Participant: 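Structure below; questions to follow.
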Amino acid sequence: MTEAPLVEVEDVGKKYCRDLARSTRYGLADVFAEAAGRRRPGQLRPGEFWALEEVSFSLARGEALAVIGPNGAGKSTLLRLIAGRIRPDRGRIVIRGAAAAIGDLGVGFDPLATGRENARHAAALLGLGRREGERQLDAILAFAELGDLADAALATYSTGMRARLGFAVAAHLDSDVLLVDEALAVGDLAFRRKCMQHMASLPARGRALLIVSHDLYAVQVLCARALYLEAGRVAAVGPTPEVVGAYFEARQGDLMRALPPPDAPGARGPATADGRAPGPYRIESLAIEPLGRNRIETGGAARVVLRYVAERDLEPIAWGFQVCSVDLAAVLANGIGATEADGLRISAGRGELSCEIPRLPLFAGQYALRGGLIEPWSRGVLALSGFEDAPCFFSIATPRDERHNLGRLSGALVLLETTTSLAVDRG
């Protein structure tokens, strides 16, 4: 017989009110309505909004689930609902077994009491009985790595030491479900590694883990599944690498909306009286397009195309381009004249120059393309695109897998293809 999930969230909704006075009146009205046996109103009242709406998922024993999304998406609200700190306005939440929440580490500590005394009191507040709390006390203090400072006043502790003590207490609760809200960056590197190892061990010990975090590296390491919230609704749920990839792609859209459109006023360079760019040569457009696919992808083939208008023939001719980050810092360049070939010439009229990139070595993100026509002997610039006018902005997609997600999390732009070898000294 299949065991029921430890956590079931079914069509859950939670609303808040933006106005404090109205929120107080609504709260009192809801309290009296419940006392009278009436249901709380399920529709929005003036000033209210849905912080969460129609959220459903389950969490089984031995599973780890990450909840990701931008600020204001409803992640912490969802965790508070599951922890029982607030009640949903719609739907239902079922918790089978004991749940413990790690949120604001160290909140409620007494600065005048010692670390040992605070650990004892915090363990009692979080549900450990007196006997169990005393039995776990030494393990809690050892995990927090306080040493001799365990018997010093908390006021002498650094912020990191207080957070370590708070995490150590919560980590030793005997709970079936551990709820973690933005508590992954605790202490120094060695202590963070210990916290990660502890949480990673929970599913193997038959516990369930639910993490709310912006640390997308950590959630990919710890969680096999992820839930992506956007404006209070479920935008994606499934294997963590795929959901993190979907989140990255959604955030790219925000960046593109912040960029000026290429046809914005003033985006083009100076023009002559008849509306044409000055000089006998001008670039009409510069673009990059995928080859063999419907989108530009990391490791995929692409083609850069420069379309020009020339008033007279020119031979020889050279041209070059740069791929830049959105702040126009050059990331890749083919080198001025790298596309030059013997006998390359342009004729009067409209024409097109292009070159192929067999494998595009850039991680997913937003990029800009700039280029120019060059007179090779003097290296004189005949025409430019994207320097004095708006560049060509484009997107690169990346497969939704852990390798590419981790590369993007590291802040890397270029994917370096390497070959690894191992040499063993048998002497």
Side-chain angles (χ1 to χ4, degrees), residues 70 216 242 244-269 277 282-309 318-339 350-374 381 383-401 403-417:
L216 299 182
E242 293 184 11
V244 170
Y247 177 62
F248 277 139
E249 292 170 12
R251 295 301 96 197
Q252 288 176 11
D254 291 345
L255 179 57
M256 286 303 290
R257 284 189 287 273
L259 296 173
D263 55 353
R268 298 293 177 185
R282 60 189 174 94
I283 298 173
E284 277 197 323
S285 67
L286 181 67
I288 183 169
E289 56 192 33
L291 290 177
R293 307 184 187 190
N294 58 9
R295 64 178 186 174
I296 304 171
E297 292 186 353
T298 303
R303 182 172 70 143
V304 178
V305 181
L306 182 150
R307 295 180 176 88
Y308 65 86
V309 175
W319 69 288
F321 64 86
Q322 292 179 346
V323 177
C324 306
S325 56
V326 290
D327 58 359
L328 300 185
V331 177
L332 294 177
N334 71 329
I336 297 300
T339 55
R350 281 182 164 80
E352 177 183 291
L353 296 165
S354 67
C355 70
E356 292 187 7
I357 305 171
R359 289 180 59 83
L360 194 61
L362 293 173
F363 280 110
Q366 302 298 324
Y367 296 90
L369 184 67
R370 305 195 292 189
L373 287 171
I374 311 297
V381 176
L384 293 174
S385 174
F387 289 86
E388 296 179 349
D389 57 352
C392 165
F393 292 106
F394 67 98
S395 302
I396 296 178
T398 282
R400 294 179 182 177
D401 58 36
R403 175 197 179 201
H404 289 91
N405 288 339
L406 293 179
R408 297 181 64 189
L409 285 168
S410 71
L413 296 177
V414 179
L415 175 64
L416 186 63
E417 296 289 348

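It should be emphasised that the depicted structure is a prediction, and the values quoted were computed from it without experimental measurement.
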Participant: When rounded to the nearest 0.5 angstrom, what is the spacing between CZ in Arg282 and OG in Ser385?
Facilitator: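 The CZ atom of Arg282 sits 12.0 Å away from the OG atom of Ser385.
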Participant: Specify the closest pair of heavy atoms between Ala287 and Cys392, including all atoms of both residues, with the distance to one decimal.
Facilitator: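 Closest heavy-atom pair between Ala287 and Cys392: CA-SG, 4.1 Å.
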Participant: Determine whether Leu360 and Pro290 make a side-chain contact, defined as any pair of heavy atoms from C-beta on separated by less than 4.5 Å.
Facilitator: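 Sidechains of Pro290 and Leu360: no contact.
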Participant: Rounded to the nearest 0.5 Å, how far apart are OG of Ser285 and CG of Leu306?
Facilitator: 7.0 Å
Participant: Is Glu356 salt-bridged to Arg303, going by a charged N under 4.0 Å from an acidic O?
Facilitator: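 Looking at Arg303 together with Glu356, the answer is no, because their closest N to O distance does not fall below 4.0 Å.
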Participant: Kindly indicate, with the supporting measurements, whether the criterion side-chain contact (heavy atoms from CB on, under 4.5 Å) is fulfilled by Leu373 and Leu353.
Facilitator: CA-CA 10 Å; Leu373 287 171; Leu353 296 165; 3.7 Å; yes
Participant: For a 4.5 angstrom cut-off between non-hydrogen side-chain atoms, does Trp319 reach Val304?
Facilitator: yes
Participant: Return the minimal non-hydrogen interatomic distance between Arg359 and Gly299, and the atom names on each side.
Facilitator: NH1-O, 3.6 Å
Participant: Which atom names give the shortest non-hydrogen contact between Cys324 and Ala330, and what distance separates them?
Facilitator: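 That would be SG-CA, 3.9 Å.
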Participant: Roughly how far, to the nearest 0.5 Å, is the CD1 atom of Ile288 from the CD1 atom of Ile396?
Facilitator: 6.5 Å
Participant: Which heavy atom of Ala364 sits nearest a heavy atom of Ala397, and at what distance?
Facilitator: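 Heavy atoms of Ala364 and Ala397 come nearest at CB-C, 3.8 Å.
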Participant: Rounded to the nearest 0.5 Å, how far apart are CD of Glu289 and OG of Ser354?
Facilitator: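 Reported value, rounded in 0.5 Å steps: 8.0 Å.
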Participant: Using 0.5 Å steps for rounding, measure from the CG atom of Leu286 to the CZ atom of Phe321.
Facilitator: 8.5 Å
Participant: Enter the distance from Leu216:CG to Tyr247:OH here, rounded to the nearest 0.5 Å.
Facilitator: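 Nearest 0.5 Å value for the CG-OH distance: 6.5 Å.
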Participant: Could you please spell out the steps behind the side-chain contact (heavy atoms from CB on, under 4.5 Å) verdict for Tyr367 and Ile296?
Facilitator: CA-CA 11 Å; Tyr367 296 90; Ile296 304 171; over 6 Å; no
Participant: Taking Leu362's backbone N and O only, do any of them form a donor-acceptor pair with Thr298's side chain (distance below 3.5 Å, no angle check)?
Facilitator: yes
